[in-house]
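Worksheet for the structure shown next.
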Amino acid sequence: MKAKVVSDLFEKALVQMGINDKYDFVFETPKNPEHGDLSTNIAMRLAKPMKKKPADIAQEIIDQIKGKSDLIEDLTIAGPGFINIKLSPKVYANAIKELYKKGENICRQDFGNKLKVNVEYVSVNPTGLLHLGHGRNACLGDTIANLYEWTGHDVTREYYFNNAGNQMNNLAQSVYARYMQKIEGEDFPFPENGYHGEYIKEIAEEVHQQHGEALKENTPENINLMRKAGEEWSFKRIKATLARMSINQDVFYNEDSLYKEGKIKNLLALFEEKGLSYKKDDATWLRFSEMGLSDDRVIVKSTGEPTYRLPDIAYHREKFERGFELLIDVFGADHIATIPDVMAAVKYLGYDTERVRPIIHQFVTLMENGEQVKMSKRTGKSYTLDDLLDEVGSDVVRFFLLMRSFNTHLEFDLDLAREQSEKNPVFYLQYANARISSVIENAIEAGAKLDDENAKFELLTHPSELNLINEAMNVDRIIKSATQKCEPQVLADYLRALASEFHKFYHDCRIIGVDADLQTARLALVRTIKHIIKNSLTILGLSSPERM
RNA sequence: GGUCCCGUAGCUCAGGUGGAUAGAGCACAAGUUUCCUAAACUUGGUGCCGCAGGUUCGAAUCCUGCCGGGAUCACCA
């Protein structure tokens, strides 16, 4: 935003100097405020092609620009050849006015051009409850979807699940065993690789309540009932847990429909037709070795069942066929190995892999008193996402899961999360919003009028005001960057910086009761800040309480 | 062994396309409120940026090799 103000001037200056080629140079905000509001490395970039000293080039540029714009107060040469630019306060006044006009639309952008985006996340099979890692996946996916929505994309939130196959059999047999143990005692054998979670007992209990002892025989029909019961029980709770974090997906895509609708068959036929698959040892193999990967892999087992790769590939193809132009897949680090296979196959099928964006997030560990927590103290069972939501609430869970870059291992500090005080970073943000609400309320009571597009923003000259405006000016860049990087952490970090500038401003500058014009300008400023904070919190999926 | 992620302050982590004196939160210490919410603000300091080379005016950032931690490498999903 700031750079826009000066870049034209610089480009004109270069033309004046007879430099018409494009060179790579940047404007940036110096870390050290003594270096001005903006600085550019242009002179250093030109030193080599022009065969002159950076300082001399810088001086030439400065001579060209100086005095030509009332937006620039001063230009100086510093360090190895930087040009430091001191902007006139007018730049900030213009900027905050522009932001103020956006009102509640302030975090919205439209660079998405209605691109059809599919964000797939959570996607756990209905065999149990959600845990912390799933929580990270869910919050990431949901927030990425929010970001894309706010930037003008046409977003579909999707959940892909599989309620067939080995794991579901396993679930069914586990429920059956618990059911039988209930009737015949603890000696009834439990399947070796069964699901040991306590929740299986709950499911068995429900089955028992509903059917009594009628399902004692290990028949396919009865096992199928167990499976259904387990699936429904799990899905109900998964959805409920997600809803507690305000996560509601649009499409629940069942892997099974790929079979029912012949998508798997079609794909197999296509692979065969293209000579990409072959039979060996009764299995069907895909020639990944011809797609740039090292080894061929089985896609249909000798038993006739496909491996996970086949439906995964078919599913991606299906998403493209449904018209999506960008596929974002949110996976945990344990899925890392499947991605190259899918990508290679998708590419070979003629789709643009640039349009597939796998987001692999690292694991989460829950820490308490410096030690890893695996079991819930209260229940003695393994720690679920619901347990965490019970303890600290959705806002804290979401923020903690989002405040770190997805590709670093995340330590969830339970002690800090439990802290209902200023130590908790979530409250720091929400408090800024609540403070502004309160000020606005008081201002209205005192008879201040709020809707003033003609507010005299040029009166905002206190360093704390300028710093706050300066931070607010970054909002578009941040939202865009967070979206393109699929990195909510960028926004979370920005929000903290913005809240910090706000709190400093609040401390230094009174709003109500100062000179009328200044009061109007400051009210307009804090309302703008409030919109940014509130919208950012919304994008992150957090609430913005008006009072705290 | 191959592939991916990570290694930055006591701890947890940031570090837009390479830039000037590497930052924040927490923890620790001291202070600020007759005045719009003190869940706030102010002050205090610590870094072989894992190691070693390379690229260049300039590297925490890019390249190569190594070391350490995590994940993953099925006719399991």
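Proteins get letters first, then strands, A, B, ... in listed order; numbering begins at 1 in each.
Side-chain atoms of A:Asn163 and A:Asn254 form a donor-acceptor pair, as typed in the model, at a separation below 3.5 Å. A side-chain donor-acceptor contact under 3.5 Å links A:His316 and A:Asp329. Judged purely by distance below 3.5 Å, without hydrogens or angles, the side chains of A:Tyr278 and A:Asp296 pair a donor atom with an acceptor atom. A donor and an acceptor atom, one from each side chain of A:Lys480 and A:Thr151, are nowhere located under 3.5 Å apart.
The residue among A:Asn474 and A:Thr40 whose nearest nucleotide of RNA chain B lies closer to the 5′ end is A:Asn474. Mapping A:Glu305 and A:Arg297 onto RNA chain B by nearest heavy atom places A:Arg297 at the nucleotide closer to the 5' end.
Nucleic acid contact class of A:Glu546 (heavy atoms, under 4.0 Å, all strands): base. Residue-level contact check: A:Ser438 touches the bases, meaning some heavy atom is under 4.0 Å from a base atom. Among the atoms of the strands shown, only primed sugar atoms or phosphate atoms (P, OP1, OP2) are found under 4.0 Å from some heavy atom of A:His503. Within 4.0 Å of A:Gln430, counting heavy atoms only, lies no atom of the nucleic acid at all. Using a 4.0 Å heavy-atom distance criterion, A:Arg522 is classed as making no nucleic acid contact. Among the atoms of the strands shown, none is found under 4.0 Å from any heavy atom of A:Ala47. The residue A:Asn84 sits close to a base: some heavy atom pair falls under 4.0 Å.
Rounded to a whole angstrom, the distance from the C1' atom of B:C76 to that of B:U72 is 14 Å. Nucleotides B:C5 and B:G44 have their P atoms positioned 39 Å apart, rounded to a whole Å. Comparing B:A27 with B:U46, their C1' atoms are spaced 13 Å from each other, to the whole Å. Rounded to whole Å, the separation between the C1' atoms of B:C67 and B:U32 comes to 49 Å. Across B:G15 and B:G50, the matching P atoms stand 15 Å from one another, rounded to whole Å. Nucleotides B:G25 and B:A40 are separated by 15 Å at their C1' atoms, to the nearest Å.
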Show the numbers, then the answer: is there a side-chain contact (heavy atoms from CB on, under 4.5 Å) between A:Asp341 and A:Asp312?
-> CA-CA 9 Å; A:Asp341 290 1; A:Asp312 272 7; over 6 Å; no
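Here the side chain of A:His462 pairs a donor or acceptor atom with the backbone of A:Ser464 at under 3.5 angstrom. Put simply, the side chain of A:Gln249 gets close to the backbone of A:Tyr121: a donor and an acceptor are under 3.5 Å apart.
For the pairing with A:Tyr315, the ring-ring contact (aromatic ring centres under 6.0 Å, His included) check across A:Tyr308, A:Phe161, A:Tyr160 returns one residue only, A:Tyr160. Screening A:Asn424, A:Leu388, A:Val364 against A:Phe400 for a side chain to side chain contact (heavy atoms under 4.5 Å, CB included) leaves a single residue, A:Asn424.
Using the six-membered ring where Trp is involved, A:Phe235 and A:Tyr159 have ring planes that are tilted, between 30° and 60° apart.
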What pattern of brackets, bars and dots sums up RNA chain B from 5' to 3', given Watson-Crick or G-U wobble pairs under 3.5 Å, [ ] for crossing pairs and | for another strand?
-> (((((((..((((.....[...)))).(((((.......))))).....(((((..]....))))))))))))....
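Along RNA chain B, read 5' to 3', the first and last nucleotides having any atom under 4.0 Å from a heavy atom of chain A are B:C4 to B:A77.
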